[in-house]
Amino acid sequence: MAVQDPRPNHTIYINNLNEKIKKDELKKSLYAIFSQFGQILDILVSRSLRMRGQAFVIFKEMSSATNALRSMQGFPFYDKPMGMPPLAQPPRMLPHLGGQPPYIPPPGMIPAPGMAPNPGIPPGMAPQPGMAPIPTPQPLSENPPNHILFLTNLPEETNELMLSMLFNQFPGFKEVRLVPGRHDIAFVEFDTEVQAGAAREALQGFKITQSNAMKISFAKK
């Protein structure tokens with residue numbers, strides 16, 4: 001008898017994670033790469049020996065979980081390909097992870113621009129009739145399009161792995177190059193200028209921290 005596909009649900013299960021990574025860093029990194037698919041309600045990582053190297057990411061929308069499952073299977077994460085076996089049923093085992101409180105994203109770690117509802121309006125502040133529209137940011141002065149991106153306004157804690165996880169989701173990604181002695185700038189290389197442009201458009205203004213919205217332009221030739 002043919003095996004039926006697992007029922008879609010809001011949760012994805014991840015295994016084969018690097019067990020040397022601290023819990024808080026692991027949760028922050030998982031949020032950074034999975035928030036592109038939609039709103040995350042919870043990320044569960046257990047300290048228990050039996051559950052090491054494993055995590056659960058719970059999305060608000062079932063479609064977000066489905067897209068993440070299809071897109072991120074085998075994604076290189078801390079030098080190991082992520083395993084994401086489909087869950088056969090909604091995970092009743094989650095409460096046994098220790099009853100952890102709901103996940104609160106690190107300050108500033110939000111989905112890429114356009115994914116949050118009403119971008120530019122502070123949380124809890126509904127637009128009032130007669131309010132002036134929020135001005136849109138002026139475009140950066142641009143160099144001619146090419147296959148290398150120039151990143152600025154990066155926070156002090158930026159590292160090569162963090163940027164690689166953000167840009168590796170885009171086709172044609174080749175490498176991240178940091179500048180010795182400068183934590184606030186970096187270069188990202190793609191195979192073609194079209195691929196670089198797609199990544200630039202998607203991640204322009206991405207907030208790595210609450211006070212650092214990443215600025216992306218094409219590098220000077």
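Side-chain atoms are counted along with the backbone in the values below, which use heavy atoms only and exclude waters and symmetry mates.
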Item to check | Validation row: Glu160, Val176 side chains within 4.5 angstrom (heavy atoms) | outcome: yes
Checklist entry - Taking the six-membered ring where the residue is Trp, are the ring centres of Phe218 and Phe150 under 6.0 Å apart? => result no
Item to check | Polar side-chain atom of Asn16 near backbone of Pro81 as donor-acceptor pair, under 3.5 Å | outcome: yes
Checklist entry - Any side-chain heavy atom of Phe77 sitting closer than 4.5 Å to one from Asn18? => result no
Item to check | Pairwise side-chain contact, Ile21 with Leu17, heavy-atom cut-off 4.5 Å (strictly under) | outcome: no
Checklist entry - Parallel, tilted or perpendicular: which describes the rings of Tyr13 and Phe56, with under 30° parallel and over 60° perpendicular? => result tilted
Checklist entry - Ion pair present between Lys27 and Glu25, side-chain N to carboxylate O less than 4.0 angstrom? => result no
Checklist entry - Would you say the side chain of Leu203 lies within less than 4.5 Å of the side chain of Phe170, judging by non-hydrogen atoms? => result yes
Checklist entry - If we only count heavy atoms from C-beta on, is the Asn15 to Pro85 side-chain gap below 4.5 Å? => result yes
Next on the checklist: Please report the interatomic distance OG1(Thr158) to CE(Met214), rounded to the nearest 0.5 Å.
Outcome noted: 9.0 Å
Checklist entry - Under the side-chain contact (heavy atoms from CB on, under 4.5 Å) test, which residues partner Ala186, sequence neighbours left out? => result Leu151, Leu154, Leu163, Leu178
Item to check | Close side-chain approach of Ile14 and Phe34, heavy atoms under 4.5 Å | outcome: yes
Next on the checklist: Tell me if a side-chain donor or acceptor on Asn168 pairs with a main-chain N or O of Ser164 at a distance below 3.5 Å.
Outcome noted: no
Next on the checklist: Using modelled atom types and a 3.5 Å cut-off, is there a donor and acceptor pairing between side-chain atoms of His147 and backbone atoms of Asp191?
Outcome noted: no
Checklist entry - Taking 4.0 angstrom as the limit, do Asp24 and Lys22 come out as a salt bridge? => result no
Checklist entry - What are the two closest non-hydrogen atoms of Met72 and Met82, and how far apart are they? => result O-CE, 3.8 Å
Item to check | Non-hydrogen side-chain atoms of Thr11 and Phe59 separated by less than 4.5 Å | outcome: no
